[in-house]
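What follows is a set of notes on a single structure, which appears directly below.
Scope of the values below: all heavy atoms of this structure, side chains included, with no hydrogens, waters or symmetry mates. Values in this document were obtained by computation on a predicted structure and should not be read as measured data.
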Amino acid sequence: MGKRITTSIAMVYTAKEIANKIICMAKDDMTNGGDAMTNLKLQKLLYYEQGYHLAAFGTPLFGENVEAWVYGPVVPDVYDLYKEHGLSPLSYDGAPIALSSDEEEDIFIQVFDAFRDFSAIGLMNRTHSESPWLNAKPKGRGTVISLDSLRKYFETQLR
């Protein structure tokens with residue numbers, strides 16, 4: 001992805017704002033023949049966006065917890081918001097938020113671009129081999145993946 005950016009970013013967004021930004025970006029993929037954004041895929045992209053943001057800036061992108069569930073990392077508030085959609089594509093008709101700096105936007109887009117072509121199941125399988133999810137026990141609602149665990153793992157991915 002790149003190297004750690006030493007600039008301090010103080011803005012923390014809501015997971016819902018970040019989810020909506022991802023859904024808007026994925027809408028462009030769908031019109032070009034890409035995969036639809038499902039809740040399962042969205043959850044994994046939230047995990048990667050949070051992890052790389054922590055690694056690059058030392059601060060979380062959003063304030064809500066990422067949890068280790070059986071099917072991989074999940075942000076419960078966002079999961080609950082979209083769970084009635086099942087495997088159907090998600091949509092958001094509003095305007096996506098703009099992140100507070102060009103550096104944040106750059107990392108966000110790099111992460112999205114790096115993982116956009118993976119299927120939801122492909123992303124789930126990938127997260128199942130990564131230490132933040134592996135080391136969080138037991139798996140299920142309430143099992144928080146610590147910010148420290150995310151930061152440490154994703155710092156190794158920036159090198």
Side-chain angles (χ1 to χ4, degrees), residues 1-32 34-69 71-79 81-82 89-92 95-134 136 144-159:
M1 283 300 137
K3 294 182 181 175
R4 183 175 172 125
I5 299 168
T6 56
T7 315
S8 176
I9 304 293
M11 182 70 174
V12 176
Y13 309 93
T14 68
K16 183 180 175 184
E17 289 172 320
I18 298 303
N20 290 337
K21 186 172 183 73
I22 292 169
I23 292 166
C24 287
M25 291 174 75
K27 192 180 339 181
D28 292 337
D29 281 354
M30 282 182 56
T31 60
N32 293 314
D35 281 348
M37 184 59 59
T38 63
N39 198 6
L40 182 63
K41 185 170 181 174
L42 176 63
Q43 297 303 318
K44 307 321 164 234
L45 289 174
L46 286 168
Y47 159 83
Y48 284 115
E49 291 288 0
Q50 180 78 310
Y52 279 108
H53 193 278
L54 279 162
F57 301 107
T59 60
L61 179 60
F62 52 86
E64 293 83 352
N65 288 326
V66 177
E67 296 184 359
W69 290 14
Y71 294 107
V74 172
V75 178
D77 291 348
V78 175
Y79 173 82
L81 183 66
Y82 292 115
L90 304 177
S91 64
Y92 176 71
I97 62 163
L99 303 182
S100 65
S101 73
D102 289 343
E103 292 86 4
E104 271 189 310
E105 286 286 351
D106 289 345
I107 292 289
F108 192 92
I109 291 166
Q110 286 178 40
V111 171
F112 183 81
D113 286 347
F115 296 101
R116 73 189 319 155
D117 291 335
F118 285 87
S119 69
I121 299 300
L123 288 171
M124 179 189 76
N125 290 336
R126 185 181 177 100
T127 64
H128 283 194
S129 68
E130 297 170 346
S131 63
W133 184 85
L134 284 169
V144 174
I145 299 174
S146 75
L147 293 177
D148 192 51
S149 171
L150 286 168
R151 181 189 51 75
K152 285 178 180 174
Y153 173 75
F154 284 99
E155 281 176 346
T156 69
Q157 303 304 298
L158 286 180
R159 296 183 186 133

Please name the pair of heavy atoms, one in [X] and one in [Y], separated by the smallest distance, quoted to 0.1 Å.
| X | Y | answer |
| --- | --- | --- |
| G72 | T127 | CA-OG1, 3.9 Å |
| S149 | P132 | OG-CA, 3.4 Å |
| A15 | V75 | CB-CG1, 3.7 Å |
| M37 | L45 | CE-CD1, 3.3 Å |
| F118 | R126 | CZ-NH1, 3.7 Å |
| F154 | A55 | C-CB, 3.5 Å |

Under 4.5 Å between any side-chain heavy atoms of [X] and [Y], yes or no?
| X | Y | answer |
| --- | --- | --- |
| I23 | Y82 | yes |
| S100 | Y13 | yes |
| K21 | E105 | yes |
| Q43 | L123 | no |

Okay, side chain of [X], backbone of [Y]: is any donor-acceptor separation there less than 3.5 Å?
| X | Y | value |
| --- | --- | --- |
| E64 | T14 | no |
| W133 | W69 | yes |
| K41 | R116 | yes |
| Q50 | F62 | yes |

Let me confirm one number: the [atom1]-[atom2] distance from [X] to [Y], rounded to the nearest 0.5 Å.
| X | Y | atom1 | atom2 | answer |
| --- | --- | --- | --- | --- |
| S119 | N125 | OG | CG | 7.5 Å |
| L61 | E17 | CG | CD | 9.5 Å |
| L150 | Y52 | CG | OH | 11.5 Å |
| C24 | L90 | SG | CG | 11.5 Å |
| L40 | Y71 | CG | OH | 9.5 Å |

Check whether more than 12 heavy atoms from other residues, nucleotides or ligands sit under 6.0 Å from atom CG of D102, and answer yes or no.
no
Have a look at V78 and tell me which of V66, N20, L42 forms a side-chain contact (heavy atoms from CB on, under 4.5 Å) with it.
L42
Indicate whether the side chain of Q110 and that of D106 have a donor and an acceptor atom separated by less than 3.5 Å.
no
Would you check if there is a donor-acceptor pair between the side chains of Y47 and E130 at a distance under 3.5 Å?
yes
For D77, enumerate each residue passing the salt bridge (Lys or Arg N to Asp or Glu O under 4.0 Å) test, keeping only those at least two apart in sequence or located in another chain.
none
Could you walk me through whether E49 and L46 satisfy the side-chain contact (heavy atoms from CB on, under 4.5 Å) test, starting with their C-alpha distance in whole Å, then the side-chain angles of each, then the deciding distance to 0.1 Å, before giving a yes or no?
CA-CA 5 Å; E49 291 288 0; L46 286 168; 5.8 Å; no
Kindly determine whether K152 and D148 satisfy side-chain contact (heavy atoms from CB on, under 4.5 Å), including the steps that lead there.
CA-CA 6 Å; K152 285 178 180 174; D148 192 51; 3.0 Å; yes
Please lay out, stage by stage, how L54 and L147 fare under the test side-chain contact (heavy atoms from CB on, under 4.5 Å).
CA-CA 8 Å; L54 279 162; L147 293 177; 3.7 Å; yes
Ring of F115, cation from K44 - is the NZ or CZ under 6.0 Å from the centre and inside 45° of the axis?
no
